[in-house]
Amino acid sequence: MMDALKNLNPQQHEAVTSSARQLLVLAGPGSGKTRVLTQRIAFLVNENKVSPHSILAVTFTNKAAREMRTRLERMLGKGVNALWLGTFHAICARILRSEADALPFDNNFVIMDADDQQSIIKRVLKDLNIDDKLYRPASIHNVISNAKNAMQGPDQVKSRTYREEISKRVYEQYEKILRSSNAVDFDDLLMWSVRLFEENPQIREKYGQRFEHVLVDEFQDTNQAQYELLKHLSSVHHCLFVVGDEDQSIYRWRGADYRNVLRFQSDYPKSEKILLERNYRSTQNVLDAAQAVINQNKSRTPKNLYSKRGEGPLISLYDAVDDHAEAAYVVDDIVDRIASGQEGGEFAIMYRTNAQSRLLEEAFLRANIPYRLVGAQRFYGRREVKDIISFLRLVHNTYDSVSLARVINVPPRGVGSKTLLDLDQIAQNNNLTSSDVLLSLGELGQKSPFWDTFSSRSASMLAHFGSLLMNWREFGQSNPLPDLFDRILADIGYKAYIDDGTEMGDGRWENVLELRRLAYEYEERGITEFLENIALVSDQDTVPEENDAPTLLTLHAAKGLEFSHVYIVGLDEGLLPHSRSLEDPEEMAEERRLFYVGITRAKNHLTLVRAGQRSNYGRFEYTMESRFIDDIPEELIKREGVRLGVQRLTPLSHPRWEPSSYERSTPKKETPKESRYQAGMRVTHSTWGSGLVVETRILGNDETVTVMFESVGLKRLAASVARLEIVG
DNA sequence: GTGGCCCCTGTTTTT
DNA sequence: CAGGGGCCAC
């Protein structure tokens, strides 16, 4: 049985069999970390005779959890059922539901997603009469989320400035709405779990006692709350096995802190550290390019990744005229390769922002090639899908005020914003919730004490919806989820409402049917799990298992995956690295890690693509080649064709791309011009107006000028294209 | 209360 | 360019 151990390399073997109580495994990309994790669990069970019941394994995505479970089933058989294995959020939800008695919500709480959170914040801003232009919901959301990651309630948030005071007040109201809706948000799942353990030693003891071994995947992506949680869960046996890679930390903006890796080592001075540097995935050229990129980052554990898979092809770099040509090139290239015998599923196209998928999708449609698009948001974010989910949520938990507000007038039934406001007010005056009033009207009709507080028209409209809701609740008690689903659809005439016979309408109805299919899958498990899993799906979870078509996905969603041939598109300044990261070195470092994650997904071939012109929002803008391309040594790169470039000056008549006879060095060797601009100069640009030169350098045979514009902020420009005029 | 039109703005990544 | 919000007419 322990034959499996013989197939491990010495470092992996050490990690799997180590008897250290705390172990940190720094695992480079493609170094077999999932394998180490699963083998470790199997080893604990089979060799150390640890009961699966006493093991907890935590991942970041459901997909990773599922994969581990499947592998473990093969090794352990039925034993895996006793094992706790899931995402941080799912595990927390499970704990909170079983310990709800000690918490300020019931065990059938709903989980608010990002959309819900946004609408709560907007509602609060309106209630408090705060201008949402000045205090953007997104930025307030950020404040609240950061506070929760740091386990601070509204009363612990600082209010040194007026801004902070506003955020604090919104946070207070926001919490009130969550509590009265019997709801928690994403961050609450973690925060309340930590709080639960802090305030209830006997509960902490119970879980700590149970989990003899705690194992964690993607440790570099944990935030403060998650780190604390792990400490509590392992507070009795102190056996923590964490696997991660600082270089693949790409969720800083979500509170993740790769310094938890350092914290771990200082919190557990006796912990041991193992480096996995052997890469089983990529060819050496891909690895060398990746290393060259990541080596530019400071403060990291140096690693020396190596592969025995041979050199492999050079990194291809294609410089397209514009974003349309970029998409066309990628799809053409894939078409050619499929024609010469490769499988569609071997390819993946990765990009920095979701918006970039559109041109690619269009190109695939034109070429009549099927493709796979990764992204949960694309399905669960659709209006019709959210509508139905809201109905179900409301039936499951009538206090869910976000869902109530969403569906009370869907399809339009004469309940406008005014009536909704009145309903809210009357409920508050009577110390009740809106749904209490609504259900009273539904049940008692004109005999309800609230009937006369509304106009007769509003009252009967509300009573109608109230009775629908009441009936669904009763129906849901004794009927399976799919039947409830159909019943709701029928009662509100939803098909007629969204399917107007147009192609769009058809599509919307298709989405409803897709959700219905999902509801059938949950017939046994029930509505609670259905809603919870919907709230906690990640984009990664939607990556199709069997791949027979090229995959389109963001760089973030690509983590943990691998493809034979990877295309990374949009290698332009402002996109990758993204413009929002240009000023902050920490964020720039994260952009680089993101690029690194993308590169290391490639098993055999990596193609980098950029576009000299891009229509970002309506307008065409010239772009500069991404600085990350400069990080990759010339000798690893093969330029696929040329165009009249921003940086390279080639004759206009030059073919757009010719069969790779082009040598990058030729134009680069031309004598660089003298600097025309200098830092401190005032200049004007035809579209951005006046600005101040911040930096200038000679790149190739052109001059790169960084200008701070009064209108648009910092821009990096090619002097030959931008035609900046020097003022005065 | 509803639906349509127009302007404005903003523009990453997602459990 | 696209989604959201405000405003107007029915």
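Since this is a predicted model, take the numbers as computed values, not measurements. Atom set for the values below is all heavy atoms of this structure, side chains included, hydrogens, waters and symmetry mates excluded. Order of the sequence lines fixes the chain letters, A, B, ..., with proteins taken first and strands second; residue numbering starts at 1 for each chain.
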If the P atom of B/dT13 is compared with that of C/dG4, how far apart are they to the nearest Å?
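B/dT13 and C/dG4 have their P atoms separated by 15 Å.
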Interatomic distance where [atom1] belongs to [X] and [atom2] belongs to [N] [whole Å]:
X	N	atom1	atom2	value
A/Gln248	B/dT14	CD	C1'	17 Å
A/Asp115	B/dT14	CG	P	14 Å
A/Asn533	B/dT15	CG	P	13 Å
A/Leu594	B/dT13	CG	C1'	7 Å
A/Ile568	B/dT13	CD1	P	16 Å
A/Leu125	C/dG5	CG	C1'	14 Å
A/Gln118	B/dT15	CD	P	17 Å
A/Arg619	C/dC1	CZ	P	10 Å

Where along residues 219-230 of chain A does a heavy atom fall under 4.0 Å from DNA chain B?
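By residue number: none to list.
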Among all residues two or more places apart in sequence or in another chain, which pass the salt bridge (charged side-chain N to carboxylate O under 4.0 Å, His left out) test with [X]?
X	answer
A/Arg393	A/Asp116, A/Asp400
A/Glu362	A/Arg358
A/Arg300	A/Asp247
A/Arg382	none

How are the rings of A/Tyr251 and A/His556 set to each other: parallel, tilted or perpendicular (split at 30° and 60°)?
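If you compare the ring of A/Tyr251 with that of A/His556, the planes turn out tilted.
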Using the ring of A/Tyr227 (Phe, Tyr or Trp, six-membered ring only), decide whether A/Arg263 places NZ or CZ under 6.0 Å from its centre and within 45 degrees of its axis.
yes
Taking the six-membered ring of A/Tyr522 as reference, does the NZ or CZ atom of A/Arg525 fall below 6.0 Å from its centre and within a 45° cone about the axis?
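Geometry flag: set, cation within 6.0 Å and 45°.
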Does anything in residues 107-126 of chain A form a ring-ring contact (aromatic ring centres under 6.0 Å, His included)? List the pairs, not counting sequence neighbours.
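For residues 107-126 of chain A: A/Phe105-A/Phe109.
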What does [X] touch in the nucleic acid at a heavy-atom separation under 4.0 angstrom: a base, only the sugar-phosphate, or nothing?
X	answer
A/Ser615	nothing
A/Phe60	sugar-phosphate
A/Arg457	sugar-phosphate

Tell me which donor-acceptor pairs under 3.5 Å the side chains of residues 129-137 of chain A have, and how far apart each pair is, sequence neighbours excluded?
{"from": "A/Asp131", "atom 1": "OD1", "to": "A/Lys133", "atom 2": "N", "distance (Å)": "2.9"}
{"from": "A/Arg136", "atom 1": "NH2", "to": "A/Lys133", "atom 2": "O", "distance (Å)": "3.3"}

Going 5' to 3' through nucleotides 3-12 of chain B, assign each nucleotide B (protein heavy atom under 4.0 Å from a base atom), S (under 4.0 Å only from sugar-phosphate atoms) or - (no protein heavy atom that close).
S------SBB
Minimum-distance nucleotide (side-chain atoms of A/Lys418 versus B/dT15, B/dT2, B/dG1)
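The nucleotide sitting nearest to the side chain is B/dG1.
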Using a cut-off of under 3.5 Å, enumerate the N/O to N/O pairs linking the protein to nucleotides 2-4 of chain C.
{"from": "C/dA2", "atom 1": "OP1", "to": "A/Arg358", "atom 2": "NH1", "distance (Å)": "3.1"}

Can you name the residues that form a side-chain contact (heavy atoms from CB on, under 4.5 Å) with A/Ser455, not counting sequence neighbours?
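Once residues adjacent in sequence are excluded, the partners of A/Ser455 under the side-chain contact (heavy atoms from CB on, under 4.5 Å) criterion are A/Arg457, A/Ser458.
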Want to settle it: does A/Ala114 or A/Arg413 sit nearer the 5' end of DNA chain B, counting the closest nucleotide to each?
A/Arg413
Nearest-nucleotide wise, let me know which of A/Ser417 and A/Asp187 is further upstream toward the 5' end of DNA chain B.
A/Ser417
With sequence neighbours excluded, residues passing side-chain hydrogen bond (donor to acceptor under 3.5 Å, both in side chains) with A/Arg592:
A/Asn297, A/Asp631
For A/Asn108, what residues pass the side-chain hydrogen bond (donor to acceptor under 3.5 Å, both in side chains) criterion, not counting sequence neighbours?
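Applying side-chain hydrogen bond (donor to acceptor under 3.5 Å, both in side chains) to A/Asn108 gives A/Asn182.
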